[in-house]
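The block underneath contains the structure these notes are about, expressed in structure tokens.
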Amino acid sequence: MTCTGKTLSARASAALLIASALFLGGCSADSGDNKTSSSDASQTQPSGKASEGSSKNSTADGDSSPEKANKNELIGGGKTVFPDRRMVALYGAPGNPSLGVLGEQGPAASVKRVKDLAKQYEPYSEEPVVPAFEVIASVADAAPGEDGDYSNEMTPEQLRPLLDEAKKSGVYVILDLQPGLQDFTSQIKEYEDILKDPNVGVGLDAEWRLAPGQKPLEQIGSVDASEVNDSLRYIADLTKRENLPQKAVVIHQFAGFMITNREQIDTSHPELALTLHADGHGTPGLKKETWEALQKGLPQGIRMSWKNFYDEDTPMFTPEQTYQMEPKPWVVTYQ
């Protein structure tokens, strides 16, 4: 998760300032008293508690074949995202390896890569492990663009090859939004037709939600619960209107201030499966501290999820170590 248009040295300097501020100032889910791992913004690439399920099932590679899916069912069957399945996802933007591993290969190769990765988690899960893509649909950009929002929205046509490959291959898709100065709900509306697919959810990436006068990578963004709730209402209404199964909504966070009034997030929508995604990277100890801090004051009904970084984690957790976290993560993303 990075933004485009800046020189490498400028991005690195901004990243170091952000990382230093987080480490020295600390972070907690509510008061900022506990340390956190470094943010996704510290990357310097260029461009552009919930109850566990109890049934043992096979991975989506078998049971989630597209032939078994229809408009009213999720990959692998059923209408409830959690606790009926867990997900393992590749993160990034198609055709752009600097934004994450999802862009390091073409759509078909990405399907094979994520299915192979999901299989590594099967021995440690009682629930089926569904492969997924978290696709950056709108990319935070150092340039304001024609609309001045510092967010470069990919068109549905640009996303279509990856989405089509995912759909025919039994891979769930999460559209990750980095809205800049635009609000989350208005960007969600731009992708409404895509969201009518039963196996496409939404990622709200608060790191890249900017206030007036802010620019990507010069600070960490934030969003208030009121805006999150507006987006949740919209997604829930769309899901109900289209008679779709539950939609996964992934809320990204690695520092307490990123979501203000978080305790006010509305978790009452039965149409939505909400999960808080711990986005920090760093040492195992630092990541665990962030994981524990983010759970403090977390509204009932929001499950926890995890991210592994190939390059920034020192070292990166194995699948077994990842699923040893308490609670066991529901979505595990690789960047």
Side-chain angles (χ1 to χ4, degrees), residues 1 22-23 26-29 34-40 49-61 63-64 76 80-91 100-101 113-134 172 174 203 248 250-256 273-335:
M1 297 161 65
L22 283 173
F23 182 79
C27 160
S28 123
N34 297 321
K35 289 186 291 184
T36 185
S37 50
S38 301
S39 91
D40 292 345
K49 242 179 187 166
S51 61
E52 306 288 334
S54 59
S55 61
K56 179 74 175 179
N57 293 292
S58 61
T59 184
D61 197 17
D63 288 349
S64 66
T80 304
V81 177
F82 308 124
D84 294 345
R85 73 209 76 225
R86 297 182 188 272
M87 296 184 188
V88 172
L90 296 183
Y91 179 91
V101 296
R113 184 172 181 177
V114 75
K115 286 190 172 185
D116 289 345
L117 192 58
K119 284 182 179 179
Q120 297 178 34
Y121 281 79
E122 288 180 18
Y124 314 109
S125 178
E126 294 183 350
E127 302 78 24
V129 181
V130 172
F133 293 153
E134 185 164 9
Y172 195 90
I174 299 161
V250 180
I251 304 170
H252 292 267
Q253 186 179 21
F254 55 83
L274 306 181
T275 180
L276 187 82
H277 200 273
D279 267 3
H281 59 72
T283 65
L286 208 52
K287 287 175 72 85
K288 289 178 180 179
E289 287 184 25
T290 301
W291 180 255
E292 293 170 359
L294 289 174
Q295 294 178 59
K296 297 177 180 177
L298 186 66
Q300 198 97 14
I302 303 180
R303 291 174 161 86
M304 291 294 293
S305 291
W306 178 271
K307 180 176 278 191
N308 284 320
F309 292 82
Y310 284 106
D311 298 327
E312 290 80 8
D313 285 344
T314 53
M316 187 178 75
F317 280 36
T318 66
E320 182 177 11
Q321 290 170 330
T322 302
Y323 270 178
Q324 286 174 347
M325 297 302 298
E326 292 290 342
K328 184 186 295 184
W330 289 93
V331 178
V332 178
T333 306
Y334 280 78
Q335 180 169 346

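- Residues satisfying the side-chain hydrogen bond (donor to acceptor under 3.5 Å, both in side chains) test with Tyr323, not counting sequence neighbours, are none.
- Taking Trp306 as the reference, Trp291, Phe317 meet the ring pair (Phe, Tyr, Trp, His ring centres under 6.0 Å) condition, with sequence neighbours excluded.
- In this structure the side chain of Ser305 never reaches within 4.5 angstrom of the side chain of Met87, judged on heavy atoms.
- Contacts of Leu276 classified as side chain to side chain contact (heavy atoms under 4.5 Å, CB included), with partners at least two apart in sequence or in another chain: Ile251, Gln253, Ile259, Arg262, Leu294, Leu298, Ile302, Met304.
- Scanning all heavy atoms of the two residues, the minimum distance from Val114 to Pro131 falls at CG1-CB, 3.7 Å.
- Contact of the Met325 side chain with the Lys287 side chain is not registered, since no non-hydrogen atoms from C-beta on lie closer than 4.5 Å.
- A heavy-atom distance below 4.5 Å is found between the side chains of Tyr334 and Val88.
- Between Pro327 and Gln295, the closest heavy-atom pair is CD-OE1, 3.2 Å.
- Scanning both residues, Ala273 and Val81, for their nearest heavy atoms gives CB-CB, 3.6 Å.
- Distance OG1/Thr80 to CZ/Arg85: 7.5 Å, rounded to 0.5 Å.
- Checking side-chain atoms of Thr275 against main-chain N and O of Arg303 turns up a donor-acceptor pair under 3.5 Å.
- Each of Thr333, Leu117, Val332 was evaluated against Asn308; a single residue qualifies, Val332, per the side chain to side chain contact (heavy atoms under 4.5 Å, CB included) test.
- Shown here for Gly203 and Glu134, the closest heavy-atom pair between the two residues is CA-OE2, 4.2 Å.
- To the nearest 0.5 Å, the span separating OH on Tyr310 from OH on Tyr91 amounts to 15.0 Å.
- Formation of a donor-acceptor pair under 3.5 Å by the Lys328 side chain with backbone atoms of Tyr124 is found in this model.
- In this view, Thr318 and Glu320, Gln321 satisfy the side chain to side chain contact (heavy atoms under 4.5 Å, CB included) rule, not counting sequence neighbours.
- Counting heavy atoms from C-beta outward, Arg113 and Val101 have side chains that approach closer than 4.5 Å.
- Within the 4.5 Å cutoff, side-chain heavy atoms of Tyr121 are placed close to those of Thr322.
- Residues Phe82 and Glu127 are not in side-chain contact: their nearest non-hydrogen atoms beyond the backbone lie 4.5 Å or more apart.
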